[in-house]
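Step one of this worksheet: look at the structure below.
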Amino acid sequence: MKIFVIGSPTNVHLIKRIAEKYGVAGSDVDYVKPESSYTFTQCVQQAFDKIMKSDIVVVIPKHDGSLKRGTIYEMIFAEEMGKQLDLFIEDVEE
């Protein structure tokens, strides 16, 4: 099972932690990583490439529950590609 974890690059530490949890469970996992040398368009294109290769896309909202523009684009693309979308909600107390 190939899983790609998406969310706002400002939330990269949580995204990485969640991706690692899926990896420990035995899945082939990748996650969105901020690339300071990439433009917004390049970041979205890179995510689209990884979404195409994934079976499941896990969405990590920001701590306030919102989703940024790039994450919304990625979700719509994943949905159009017929990928399973899982919204990850983390308990703030953790």
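V5 is listed as a side-chain neighbour of V29, based on a closest heavy-atom distance under 4.5 Å. In this structure, the side chains of V57 and D86 stay at 4.5 Å or more apart for every pair of heavy atoms. No side-chain heavy atom of D55 sits less than 4.5 Å from a side-chain heavy atom of I3. For the pair I51/K83, a side-chain contact is recorded, criterion being any heavy-atom separation below 4.5 Å from C-beta on. By the 4.5 Å heavy-atom criterion applied to side chains, N11 and H63 are counted as neighbours.
Distance CE/M52 to CZ/F77: 5.0 Å, rounded to 0.5 Å. Note that CD1 of I15 and OG of S8 are 6.5 Å apart. Values are rounded to the nearest 0.5 Å. Distance check: I60 CD1 to I6 CD1 gives 9.0 Å after rounding to the nearest 0.5 Å. Rounding to the nearest 0.5 angstrom, the gap separating the CD atom in E79 from the CG atom in L85 is 6.0 Å.
Between L67 and I72, the shortest heavy-atom contact is O-CD1, 3.7 Å. Residue L87 comes nearest to P61 through the heavy atom pair CD1-CG, 3.6 Å, listed as atom of the first residue, atom of the second, then distance. Residues G7 and T71 come closest through the heavy atom pair C-OG1, 3.3 Å. The two residues E35 and C43 have their closest heavy-atom pair at O-SG, 4.4 Å. Listed here is the closest heavy atom pair of S54 and F4: OG-CB, 3.2 Å.
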* **Working for side-chain hydrogen bond (donor to acceptor under 3.5 Å, both in side chains), residues T41 and T39** => CA-CA 5 Å; T41 300; T39 65; 4.6 Å; no
* **Check against side-chain contact (heavy atoms from CB on, under 4.5 Å), D28 and M1** => CA-CA 6 Å; D28 179 9; M1 186 74 50; over 6 Å; no
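A cation-pi arrangement is absent between K50 and F48, since the terminal nitrogen or guanidinium carbon is not both under 6.0 Å from the aromatic centre and inside a 45° cone about the axis. Remark: R17 is not positioned above the aromatic ring of Y31, lacking an NZ or CZ atom under 6.0 angstrom from the ring centre and at most 45 degrees off the axis.
Atom NZ of K2 has 12 or fewer heavy atoms from other residues, nucleotides or ligands within 6.0 Å.
When the side chains of ILVMFWY residues are joined at heavy-atom separations under 4.5 Å, either directly or via intervening members, Y73 and Y38 end up in two distinct hydrophobic clusters.
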